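Remember, it's a predicted structure, so these values are computed and weren't measured experimentally.
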Amino acid sequence: MNVDDWKSQIKRGTLDFCILLLIKQRPYYGYEIISKLEQYPIVAAKENTIYPLLRRLLKEEYISSSWQESTEGLPPRKYYTLTEKGNEYLNAMSLEWDNLLTAISEIKGELNFG
C-alpha cells in the first residue's frame, strides 16, 4: 500500500464525520459541502461521493433535508440539517475520534501517561 492508498482509506473512514460536523454548525446544501471540503485536500471529495453519502445519512435519519428557494432566479436548493439521532451519532463519533487521536499521540511518543 502506498501513501495515496492510505489517504484514500482515511478519507473513506472520515467523510461521514466531516459532513456531520459541518451540518451541525448550520444547514448546508450539497455543493456547499463539496466546496467546503475542497479547502482540506485530505477530505476533498466529488459529487459522485458526497451525494450518495448524503442519501445514506438521510436514509439512516442522521440528517434531514428541506428545499429552500434561492435568490437571483437560481433553482431551489436542498439544505441538510442534523437530526437528534444524527447529533447522538456525531457525539459518539467525536468521542471515538478523540480516543483515536490520543492513542496515536501516545504510540508516537508525544504523550506520556504511564
Under 3.5 Å, which donor-acceptor pairs do the side chains of residues 37-55 form with other protein atoms, sequence neighbours left out?
from	atom 1	to	atom 2	distance (Å)
Y51	OH	Y31	N	3.1

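Of all heavy-atom pairs between S70 and P75, the closest is OG-O, 2.7 Å.
In this structure, NZ in K85 is found 13.5 Å from CG in N87, a value given to the nearest 0.5 Å. Between the OG1 atom in T102 and the CH2 atom in W97 there is a gap of 11.5 Å [rounded to 0.5 Å]. Between N91 atom CG and L20 atom CG the span is 10.5 Å, to the nearest 0.5 Å. The CD1 atom of I34 sits 9.0 Å away from atom CD1 of I19, with the distance rounded to the nearest 0.5 Å. Rounded to the nearest 0.5 angstrom, D16 CG and L21 CG are separated by 10.5 Å.
Scanning for side-chain hydrogen bond (donor to acceptor under 3.5 Å, both in side chains) contacts around S94 gives an empty result, with sequence neighbours left out. Partners of T14 under the side-chain hydrogen bond (donor to acceptor under 3.5 Å, both in side chains) rule, at least two apart in sequence or in another chain, do not exist in this structure. E32 is linked by a salt bridge (charged side-chain N to carboxylate O under 4.0 Å, His left out) to R26, counting only residues two or more places apart in sequence or in another chain.
Residues in residues 60-77 take part in these salt bridge (charged side-chain N to carboxylate O under 4.0 Å, His left out) pairs, two or more places apart or across chains: R56-E60. Identified under the ring-ring contact (aromatic ring centres under 6.0 Å, His included) test for residues 62-90, with sequence neighbours left out: Y29-Y79, Y62-Y89.
In this model, a donor atom of one side chain and an acceptor atom of the other lie less than 3.5 Å apart for S64 and T81.
The neighbour count for K7 NZ, taken as heavy atoms of other residues, nucleotides or ligands under 6.0 Å away, does not exceed 12.
Checking side-chain atoms of S8 against main-chain N and O of D4 turns up no donor-acceptor pair under 3.5 Å.
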